[in-house]
Every structure is written in structure tokens, then in C-alpha cells.
> 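Dumping the structure here so I can ask a few things about it.
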Number of protein chains: 2
Amino acid sequence: MPSASRPPARRRGRGRPTRPVLSPERITDAAVQLVEERGHDALTMAALARELGVAPSALYNHVETKQDVLRRVQDHVNRDVDCSAFGVLTWDAALAAWARSYRDAYARHRPLVQVIAVTPVRGAPATVAMYERVAAGLRAGGWPPELVTDVVVAVESFVLGSALDTGAPPDIFDTGELAASAPEFTASVRARPGGDTAAAAFELGLDALLTGLRARLARAGAAGGPAPEPPAPDETSPPA
Amino acid sequence: MPSASRPPARRRGRGRPTRPVLSPERITDAAVQLVEERGHDALTMAALARELGVAPSALYNHVETKQDVLRRVQDHVNRDVDCSAFGVLTWDAALAAWARSYRDAYARHRPLVQVIAVTPVRGAPATVAMYERVAAGLRAGGWPPELVTDVVVAVESFVLGSALDTGAPPDIFDTGELAASAPEFTASVRARPGGDTAAAAFELGLDALLTGLRARLARAGAAGGPAPEPPAPDETSPPA
DNA sequence: ACCTGAACACCGTTCAAGT
DNA sequence: ACCTGAACACCGTTCAAGT
């Protein structure tokens with residue numbers, strides 16, 4: 001329905017239009033809408049052009065490649081990632097909230113996981129804004145600057161892997177004819193409670209990751225970084 | 001050079017050959033070799049057929065789709081994942097060794113990450129064998145069966161996300177013109193030590209994950225029985 | 001049953017021609 | 001500068017015809 005802004009759309013003649021009909025922004029918006037309404041398989045340069053009432057080749061006056069379009073869509077998706085807890089909750093609670101929101105966003109856009117993992121943030125303002133919020137929250141929580149990026153990347157790796165996992169079919173671990181050769185694994189899979197198993201694994205991993213990060217900060221912070229926040233409530237320390 | 005097993009390869013006539021020239025195994029082997037030698041982009045049905053001295057359509061007598069070929073290649077890759085530490089080292093040391101080997105294998109085969117995350121293990125013997133080894137190791141380490149799969153999935157999610165991260169270009173976090181709008185993040189990126197940054201983030205995350213899992217097992221295991229009560233609500237819950 | 005060869009319905013991208 | 005339209009070099013897959 002927000003395809004309103006388009007004029008009567010009569011057949012265009014051959015040459016240059018009096019006013020440009022395309023722009024990188026219009027292309028990005030159309031791409032996002034296309035993906036949102038019909039899924040990532042529907043995002044082809046031809047379909048995108050059709051949506052915009054234009055010949056496919058016209059797109060290349062405004063974007064470089066399809067990869068470029070994906071980069072733009074991906075930045076848009078990052079706008080949906082909720083970073084609002086940083087500066088409000090403790091760094092670990094905020095990190096957990098961010099991770100959940102981040103996973104949800106890419107569970108809805110699984111094909112973009114490959115894109116975000118590999119695309120420079122340069123020229124992706126929403127993405128940079130997200131990282132800024134997270135980095136500031138971690139710094140405020142007492143993390144030394146040289147570790148902040150690694151923490152972000154580690155959590156992000158877990159989040160993106162978990163987002164991919166949401167695409168697994170329910171029977172992914174059915175060993176079938178191989179059951180006899182894998183008794184322990186088969187039994188474990190059977191013992192797993194029903195429900196949203198991807199969510200259960202994600203929450204288990206997230207909890208472990210945060211517990212470990214708290215312990216790590218306690219070690220790193222002890223060396224004398226900036227004001228350590230209220231230390232995480234004590235946890236069983238690892239028996240080495 | 002191991003393309004030896006092929007006979008003189010004279011031009012085949014039109015009809016059915018006296019003896020089948022293809023088999024699912026021969027196709028899988030050729031696909032693995034192709035990927036190993038020329039990368040995943042080189043794996044097309046046409047190239048595969050050429051490698052096997054056959055018309056592309058002939059492949060479809062033995063495999064269902066290209067996805068089917070990828071599934072087979074993926075199972076092969078899992079043979080390279082080293083699970084040998086389970087039953088030798090403690091469960092957590094073995095899990096770490098497995099995770100490192102697993103990450104390395106998929107860093108070399110990044111395009112298969114999407115495949116493994118979503119493909120049923122049925123009919124993938126190497127994959128099932130790997131999971132069996134891991135599950136048995138965790139069980140022996142004291143993990144209750146109903147948690148084993150979640151632990152495996154959580155670690156796997158982190159591993160696969162980290163494998164994708166190895167494909168990131170060195171300048172991925174260059175904020176460029178957006179630097180001014182993201183001072184904390186830009187400073188953190190600058191403060192990051194050089195070297196293999198992907199490996200540093202992976203090791204930080206792996207250490208945290210394992211520390212957290214040890215703590216979790218201590219809680220779960222402390223209850224003694226195979227069905228421990230739900231652990232005390234954890235301390236990350238936001239204070240609203 | 002298992003191959004060839006032609007064909008189908010796509011892709012992303014380039015480029016000359018037009019205004 | 002910015003569009004159209006034709007063309008290029010691919011894809012994966014299907015299917016009739018052949019033996």
C-alpha cells in the first residue's frame with residue numbers, strides 16, 4: 001500500500017526522463033518492501049525494477065550491484081534491532097536484550113546473515129549507530145576499550161549462528177537409519193523437551209556467554225580499568 | 001591429479017552406456033574435489049558434469065538437486081572436524097578442541113554454513129558420527145541428557161557464526177565518514193590489538209561460553225538426579 | 001536404467017542508442 | 001545524466017529420444 005508515491009506510471013519513452021524516477025533511497029525502500037512482503041527469494045533485480053516501473057538496467061545508474069542493494073537492505077534491518085537498554089540496565093542485561101532483539105531480526109532475514117557478517121559498516125548508518133550504542137554501554141559497564149570489539153563480535157557470532165538455527169526443520173536431528181550407530185545422541189535428542197527448541201538452545205548459550213563474560217570482566221577489571229560497575233551477583237567460579 | 005580413475009573418456013554415444021558411468025559417490029567425490037581446488041563458486045552442475053565427463057542432465061539420474069549435492073559435500077566436510085578429545089580430556093577441554101576444529105573446517109567452507117544449519121542429519125553419516133561423539137562426551141562429563149542437545153546447538157551456533165566472521169574484510173569496522181557520530185565504537189575499534197582479530201574474538205567468546213557452561217553444569221549437576229529443578233531465576237533479568 | 005541434446009525459465013550485468 | 005531495449009554469459013532443471 002505505500003506504493004502510493006508513484007505517479008500514474010504511463011509507459012516511459014526512450015530517452016532520459018525530465019526528472020529522475022529513481023534514486024538509491026527509492027531503490028532501497030522498494031527492496032525492503034519486496035523482501036518484507038514476498039521474502040528474499042523474490043528480491044531479484046528484475047522484480048525490483050518491475051516494482052519501480054523501470055527497466056532492470058536502469059537500476060545500475062544508482063546502485064553498483066545486487067550486493068550493494070543487499071547491503072542497503074541489511075542496514076535497514078538493523079534499525080529494528082533494539083539497543084535501548086544500554087545505559088538503562090546493567091551492561092549484561094542490556095547485552096542480553098540486544099542479543100535477543102538482534103537474533104529475532106535476523107531470524108526474519110536469514111539470507112542477510114551472510115551479508116552482515118562480511119560487509120563493511122562504512123556507509124551503513126543504522127549499523128554504525130547500533131554498534132555505537134553497544135560499545136558505549138560496554139565501556140560504561142567497565143569493559144576496557146581493547147576488549148569491547150571482541151565482546152561485540154563474539155556475541156554477534158553467537159547471535160547470527162542462532163539466527164541461522166531458527167531455520168532448522170523440526171526433524172533436523174532425526175538420525176533415521178543411523179540411530180543404532182548413534183545411541184547417545186539419539187537418546188539426548190529424544191530427552192530434549194518439546195516447544196521452541198531453537199529458543200531453548202539460544203537462551204542456554206546466551207546465559208552461559210553472559211556468565212562467562214561477567215567472570216572475564218571481573219578478571220580484566222581487577223587489573224584497574226575505569227570505574228567497575230556494581231559487580232555481577234556472585235556466580236560459582238570455575239573450578240579451573 | 002586424482003582424476004585418474006576416469007577411463008580414456010572417448011565421446012559417448014547417444015543411448016544408455018553399457019555400464020553406469022556415474023554414481024552418487026562419484027558425484028560427491030568430484031564435487032568435493034571441485035570445491036577444494038577451485039572454491040564454492042566453481043561448483044555448478046555444469047562444471048560438475050564436465051569434471052565427470054558427462055552431460056549436466058545426467059547428474060539428475062543420481063542426485064535430486066544441487067542442494068542434495070551440497071548436503072553430501074557438507075557431510076564430507078564434517079569428517080575433518082576433530083572430535084578425538086572427547087573421552088580423553090575433560091568435557092570442557094574436549095568441547096573447546098571440537099569447537100576450534102569445527103570453526104576451522106567451516107572457515108574453509110563458509111558457503112556451507114547456511115547448509116549445515118538447516119539440513120537434516122538423516123543420511124549424513126559423518127555428521128551423525130560427530131554428534132554422537134560429542135553427545136557421549138557431554139553425557140560422560142555429567143550433563144543431563146535433556147540439556148545435551150541444547151549445549152551442542154548453542155556451541156554450534158557460536159562456532160558457525162564465528163566461521164562466517166572469518167570472512168570479514170580487515171576494514172569491516174572502519175566507520176569512515178560516520179566516525180564522528182560513533183566516537184565510542186570508533187575508539188574501541190582503534191584500541192583493538194592487531195593480528196588475527198577474528199581469532200581473538202572467537203577465543204574470548206569460547207572462553208566465556210565454556211566458563212558459563214561449567215557454571216551451568218555445576219548448578220544442574222548439583223541437584224544430583226537426572227531431572228534437576230529449574231535453576232534459580234538468573235541475575236540478568238531486568239529490574240523493570 | 002541411464003545416457004545425450006535440446007529446451008525452458010530464469011539470473012545479474014553491460015552497453016549502445018535515445019533524449 | 002538517466003532512461004530503454006537488446007544482448008551476453010551464465011544458472012538449475014526437465015524431458016523426449018536413444019540404446
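The figures here come from the full heavy-atom set of this structure, side chains too, leaving out hydrogens, waters and symmetry mates. In what follows, chains are A, B, ... by sequence order, proteins preceding strands, each numbered from 1. On a predicted model such as this, the values are computed, not experimentally measured, just so you know.
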> Write down the distance between CG (B:Leu59) and C1' (D:dC11), rounded to a whole number of angstrom.
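Answer to the nearest Å: 14 Å.
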> For A:Leu48 and C:dT13, what is the distance between atoms CG and C1' respectively, to the nearest whole Å?
14 Å
> In whole Å, what is the span from the CG atom of B:Leu43 to the P atom of D:dC10?
16 Å
> When you measure from the side chain of A:Ser57, which nucleotide among D:dA6, C:dG5, D:dC3 comes out closest?
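Side chain of A:Ser57 sits closest to D:dA6.
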> Does C:dG12 pair with anything, Watson-Crick or G-U wobble, both distances under 3.5 Å, and if so, with which nucleotide?
D:dC8
> Can you tell me how far P of D:dG12 sits from CG of B:Leu70, to the nearest Å?
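After rounding, the reported distance stands at 10 Å.
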> Measure the acute angle between the ring planes of A:Phe158 and A:Phe202, then classify it against the limits of 30° and 60° as parallel, tilted or perpendicular.
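A:Phe158 and A:Phe202: parallel rings.
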> With respect to the side chain of A:Ala55, which nucleotide from C:dG12, D:dG12, D:dG5 is positioned closest?
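For A:Ala55, the side-chain atoms sit closest to D:dG5.
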> Can a donor-acceptor pair be found, under 3.5 Å and without considering hydrogens, that links the side chain of A:Asp196 to the backbone of A:Ala199?
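Pair found, side chain donor or acceptor close to backbone of A:Ala199.
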> Could you tell me the Watson-Crick or G-U partner of C:dA17, where both distances fall under 3.5 Å? Say none if there is no partner.
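C:dA17 is unpaired by these criteria.
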> Are OP1 or OP2 of D:dA1 and a side-chain N or O of A:His62 less than 4.0 angstrom apart?
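Answer no for this pair, as no side-chain N or O of A:His62 is under 4.0 Å from OP1 or OP2.
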> If you go through the side-chain atoms of B:Thr65, does one of them form a donor-acceptor pair with the base of D:dG12 closer than 3.5 Å?
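For B:Thr65, whose side chain was compared with the base of D:dG12, there is no donor-acceptor pair (under 3.5 Å).
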> Can you identify which nucleotide, out of D:dG5, C:dA1, C:dT13, has its nearest atom closest to the B:Arg16 side chain?
C:dA1
> Expressed as a whole number of angstroms, how long is the span from B:Glu64:CD to D:dG12:C1'?
15 Å
> Quiz question: by atom type and distance under 3.5 Å, do the side chains of B:Tyr106 and B:Glu156 form a donor-acceptor pair?
no
> Just how far, in rounded Å, is C1' of D:dT4 from CG of A:Leu52?
15 Å
> To the side chain of A:Met45, which of C:dG12, C:dC2, D:dC11 is closest?
C:dG12
> If you look at every heavy atom in A:Ala126 and A:Asp75, which pair is closest and at what distance?
N-OD1, 3.1 Å
> Using heavy atoms to find the nearest nucleotide of DNA chain D for A:Arg19 and B:Lys66 separately, return the residue whose nucleotide is more 5′.
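Taking each residue's closest nucleotide, the earlier one in sequence belongs to A:Arg19.
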> Could you check A:Gln67 against B:Asn61 and say which one's nearest nucleotide on DNA chain C is further toward the 5' end?
B:Asn61
> Does some side-chain heavy atom of A:Leu164 sit less than 4.5 Å from a side-chain heavy atom of B:Leu164?
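Yes; the side chains approach each other to less than 4.5 Å.
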> With a non-hydrogen cut-off below 4.0 angstrom, is B:Thr18 in contact with a base, only sugar-phosphate, or nothing?
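Nothing, no nucleic acid heavy atom in range.
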> In whole Å, what is the span from the OH atom of B:Tyr60 to the P atom of C:dC2?
18 Å
> Figure out the CG/C1' separation between A:Leu22 and D:dT4, and round it to whole Å.
12 Å
